[in-house]
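Note sheet for the following structure.
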Amino acid sequence: MADTRQIYRKLPGRRRGFIFSSSLWTGADHLLLVKSTRFQEQYKRFYFRDIQAIVVTKVPRWVISTPMVAVALMLLISVSIVRVRVPALTDWLWLLLAVLTAGWIYISAAQSCTCRLYTAVSREDLPSLYRMWTAHKALAELEQKIAQVQGVFTQDWAEAADLRTLGPVDAAGHSAAAGPKPAVARSRTWVTDIFLASLFADAVITMFEMRAPSSWLANVSMALTVVQIATAIWIFVQCHRGILRIGMQRLAIAALLFIGGITYAQMIGDAVDAAFAGKRGPVAVRARPRSGIVRPIYSGGAALLAIAGFVLSFKPE
Amino acid sequence: MAVPCNRCNRPLPKWELAGQHDALCPECGARSMVRVFPALFYAPSGPVATEAAAEGEATCFDHPGKRAVAACSRCGRFVCQLCSVDFKGAVWCPSCFTAGEYKAKTVEFENSRTLYDSTALIAAVAPLLAWPFTVVSAPVALFVALRYWNRPLSLVRRWRWRSALAAAIALCEIGGWIWVTAYFLLKARISRG
């Protein structure tokens with residue numbers, strides 16, 4: 001197949017995932033959105049004459065890119081080598097890793113965005129523009145190109161635009177881009193906040209229990225488990241009503257399965273222990289994990305679930 | 001007009017947009033940078049009107065009752081206003097346009113491409129994690145790299161280094177297997193006799 005190539009120029013910003021990646025390119029008269037798996041690329045063209053609006057909204061984005069993972073891996077490998085060869089440098093490398101992690105958290109939470117482009121017939125997210133500075137740069141270039149084709153506003157458009165419809169229009173004549181859509185599911189509610197806080201607190205308390213077992217801590221942990229179950233059920237209700245996104249419901253299911261699984265594992269473990277000890281008759285059922293092996297698993301699992309929930313909570317809606 | 005907030009999808013208020021740079025969503029508190037372009041004010045194009053053909057007038061190939069307005073630049077069929085496709089300065093009929101021959105001359109309508117160079121590179125590198133698989137994957141990677149060498153690359157990439165690297169790695173792997181096989185064969189022969 002002959003290949004009469006367009007000359008494309010890359011716009012700032014690139015999303016590099018483990019499998020998927022995305023980038024933006026400008027051609028002579030259009031913007032090219034490239035979405036790529038490792039084996040195939042898909043293209044969408046937006047002609048400069050058709051672009052109605054671009055909206056960039058500041059939201060937290062917890063994106064883990066392949067270059068970032070490569071840097072983290074290199075640092076970890078360096079730490080493991082340096083620990084043996086030059087032990088004095090180990091702390092510095094850990095410090096560097098901590099600083100980089102803190103930087104990533106700050107950028108993800110405070111300097112990230114989501115970018116959306118509108119034409120008369122489409123509304124498209126631009127995944128490659130997820131940091132504010134790249135969005136600014138790309139938008140500046142795009143504005144220039146679009147202005148060359150469409151011209152610029154000579155008066156205040158906000159007043160005049162009141163009667164126009166942005167983006168695709170549905171069959172009823174309403175803009176599909178915006179409008180009264182209260183059914184938009186949210187990433188977090190006060191119920192999910194309580195759910196995650198109880199998971200995290202349970203993880204911490206179980207960790208303390210490992211070092212200094214006490215009935216008081218066990219009772220608090222038990223109460224937190226009850227809170228987790230109650231809030232998990234309330235999360236199902238909120239998902240059913242369309243208030244919450246499906247991700248949090250999955251997390252609630254995972255948490256319930258985890259709590260149930262640990263409880264049954266504890267019971268089976270107790271029964272096996274009793275059998276080995278030669279005891280006959282019924283074994284006392286213990287609601288809280290007391291075994292030395294189960295406690296760290298419970299604590300670590302609850303902490304992991306809490307972290308996963310934290311990430312889900314701050315996913316852009 | 002409703003310019004929506006990307007976060008909560010609620011319309012941003014007019015007074016926030018009047019600043020023309022940043023708008024604060026009153027619902028979710030997210031700050032948006034809004035750029036609106038004159039295309040928003042273009043009048044939407046209405047349905048294409050086709051005229052009925054009068055007695056003795058040329059008619060559309062696909063719509064015998066409609067008056068022809070042009071002939072397809074490729075097959076010569078008459079087309080009505082509805083059927084005429086204006087593309088690259090010429091008029092096309094729908095059949096020729098969808099037949100795909102124009103694809104040989106332009107990339108403007110391509111919406112996907114298979115990345116043979118990346119496929120070859122992955123086939124060469126990924127099995128190194130479980131190296132015995134390279135006995136199969138290396139020839140496959142070499143075949144893909146060479147067989148599709150002349151296929152068009154990505155629309156936006158320029159270089160064939162992935163194919164070259166895949167071929168080089170695959171050759172090294174094949175060389176390694178040949179060397180290992182020869183080594184053990186020779187060793188077995190020496191120990192036998």
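Chain letters run A, B, ... following the sequence lines, proteins first and then strands; every chain starts at 1.
- In this structure, the portions of A/Val55 lying under 4.5 Å from any heavy atom of chain B include both its backbone and its side chain.
- When each of A/Ile54, A/Ile51, A/Thr37 is checked for heavy-atom pairs under 4.5 Å with chain B, A/Ile54 comes out on top.
- Closest non-hydrogen pair, B/Pro38 versus A/Gly151, comes out as CG-O, 3.7 Å.
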> What's the verdict on side chain to side chain contact (heavy atoms under 4.5 Å, CB included) for A/Val59 and B/Asn6, showing C-alpha distance, side-chain angles and the deciding distance?
Replying inline: CA-CA 9 Å; A/Val59 291; B/Asn6 282 354; over 6 Å; no

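- Side-chain atoms of B/Arg35 never come within 3.5 Å of backbone atoms of A/Val56 as a donor-acceptor pair (strictly under, hydrogens ignored).
- Put simply, CZ on A/Arg45 and CD on B/Glu110 are 7.5 Å apart, with the number rounded to the nearest 0.5 Å.
- Nearest heavy-atom pair, A/Gln40 versus B/Arg113, reported as atom, atom and distance to 0.1 Å: CG-O, 3.1 Å.
- B/Leu155 approaches A/Tyr8 most closely through the heavy-atom pair O-CD1, 3.8 Å.
- Residues passing the salt bridge (charged side-chain N to carboxylate O under 4.0 Å, His left out) test with B/Arg31: none are found, sequence neighbours excluded.
- Heavy atoms closer than 4.5 Å to chain B are found nowhere in A/Cys113, neither backbone nor side chain.
- Looking at A/Arg49, the atoms closer than 4.5 Å to chain B (heavy atoms on both sides) all sit in the backbone: N, CA, C or O.
- Expressed to the nearest 0.5 Å, how far SG of B/Cys5 lies from NZ of A/Lys58 amounts to 13.5 Å.
- For A/Ile146, the part lying near chain B is the side chain, with the backbone staying farther off; criterion is any non-hydrogen pair under 4.5 Å.
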>> Run the side chain to side chain contact (heavy atoms under 4.5 Å, CB included) test on A/Glu41 and B/Leu115 for me, step by step, so that the C-alpha distance in whole Å, both residues' side-chain angles and the decisive distance to 0.1 Å come before the verdict.
In response: CA-CA 7 Å; A/Glu41 273 184 350; B/Leu115 305 176; 3.7 Å; yes

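- Of residues 116-125 of chain B, those residues lying under 4.5 Å from chain A by any heavy-atom pair are B/Ser118, B/Thr119, B/Ile122.
- Shown here for A/Tyr118 and B/Pro4, the closest heavy-atom pair between the two residues is OH-CG, 2.9 Å.
- The residue among A/Lys44, A/Lys10, A/Lys35, A/His136 with the most heavy atom pairs within less than 4.5 Å of chain B is A/His136.
- Here the CG-CG distance, from A/Asp50 to B/Leu40, works out to 12.5 Å after rounding to the nearest 0.5 Å.
- Within 6.0 Å of CZ on B/Phe78 lie no more than 12 heavy atoms contributed by other residues, nucleotides or ligands.
- Heavy-atom contacts from other residues, nucleotides or ligands closer than 6.0 Å to CD1 of A/Ile19 number 12 or fewer.
- Scanning residues 63-74 of chain A against chain B with a 4.5 Å non-hydrogen threshold yields no residues.
- Rounding to the nearest 0.5 Å gives a distance of 7.5 Å between CG of B/Asn111 and CD of A/Gln42.
- Contact annotation for A/Ser36: only side-chain heavy atoms (C-beta onward) come within less than 4.5 Å of a heavy atom of chain B.
- When heavy atoms are compared at a cutoff of 4.5 Å, A/Leu142 does not approach chain B at all.
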What side-chain donor-acceptor pairs closer than 3.5 Å can you find for residues 139-149 of chain B, not counting sequence neighbours?
none

